[in-house]
Every structure is written in structure tokens, then in C-alpha cells.
Amino acid sequence: TTAEQPIAVCIAGSIYNQTAEDLTIECGTEIPSYNPGFTDNCGGEVSVEINSDTQTSDCLTVITETYTATDYCGNSSAVVRVITISDTTS
């Protein structure tokens with residue numbers, strides 16, 4: 001009798017991403033979308049979770065977006081983008 005068993009081979013640190021450029025934009029300007037470009041060198045699916053934290057004071061808003069990707073084997077990688085929104089025309 002012959003049986004086959006699929007085996008997942010996991011490689012540590014297999015998720016790659018681009019680095020994010022921090023942005024400074026004028027109040028009222030649309031925040032451009034961002035795709036961190038996560039890929040897995042094993043070719044599997046990568047799930048991405050986005051967390052956002054907003055700090056506001058007087059004429060300044062700072063948004064910190066954290067993009068965390070996790071692959072099938074549980075390897076993860078994160079990239080952070082900081083968006084500063086200011087009112088320089090008032």
C-alpha cells in the first residue's frame with residue numbers, strides 16, 4: 001500500500017515588502033492609497049492586516065498605518081507608513 005502526505009515546507013523570513021515613504025500633505029488633500037507589495041518566496045497566499053492610529057492636535061494630524069502580512073507558515077513582516085496632515089494655508 002502506498003500513501004501520499006502533503007508536507008508544507010516553511011522558510012523563516014519568507015515575506016518581502018517594499019519600504020513605505022512617509023508623507024506630509026496639506027489639510028483637505030486626499031490621502032493616496034498604498035500597496036506595500038508583500039510577496040512570499042514560497043508562492044503561497046499572504047494575508048494582510050492594516051492597523052491605523054490617528055493623533056490630532058491643533059492644526060496637525062498624524063496617522064500611523066501599520067501593514068502586517070502573514071503567510072501560510074506563520075511568518076510575518078510589517079511596514080509602517082506615517083502620514084502627517086498639516087494646515088499651512090490658514
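Numbering of residues begins at 1 and proceeds along the displayed sequence. All figures in this text were calculated on a predicted structure; none of them were measured in a lab.
- Residues Ser77 and Thr68 fail the side-chain proximity criterion, which asks for heavy atoms closer than 4.5 Å.
- In this structure, CD in Glu49 is found 9.5 Å from OG1 in Thr66, a value given to the nearest 0.5 Å.
- Heavy-atom contacts from other residues, nucleotides or ligands closer than 6.0 Å to CG of Asp53 number more than 12.
- Ring to ring, Tyr67 and Phe38 are not that close: their centroids are 6.0 angstrom or more apart.
- The hydrophobic clustering, which links ILVMFWY residues whose side-chain heavy atoms are closer than 4.5 Å, places Tyr34 and Ile25 apart.
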> Stepwise, does the side-chain contact (heavy atoms from CB on, under 4.5 Å) test hold for Ile63 with Val82?
Replying inline: CA-CA 6 Å; Ile63 302 169; Val82 178; over 6 Å; no

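- In the hydrophobic clustering of this structure, Val79 groups with Val46; members are Ile, Leu, Val, Met, Phe, Trp, Tyr whose side-chain heavy atoms approach within less than 4.5 Å, directly or through other members.
- Separating the CD1 atom in Ile85 from the CG atom in Leu60 is a distance of 9.0 Å, to the nearest 0.5 Å.
- Note: Ile31 CD1 to Ser52 OG = 8.0 Å, rounded to the nearest 0.5 Å.
- If you take CD on Gln55 and OG1 on Thr64, they are separated by 7.5 Å, rounding to the nearest 0.5 Å.
- Taking CD1 of Ile50 as the start and CZ of Arg81 as the end, the distance is 9.5 Å to the nearest 0.5 Å.
- Listed for the Asp87 side chain is no donor-acceptor partner under 3.5 Å among the backbone atoms of Cys27.
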Subject >> Ile83/Asp22 under side-chain contact (heavy atoms from CB on, under 4.5 Å): CA gap, chis, key distance, verdict >> reply: CA-CA 6 Å; Ile83 304 156; Asp22 295 343; over 6 Å; no

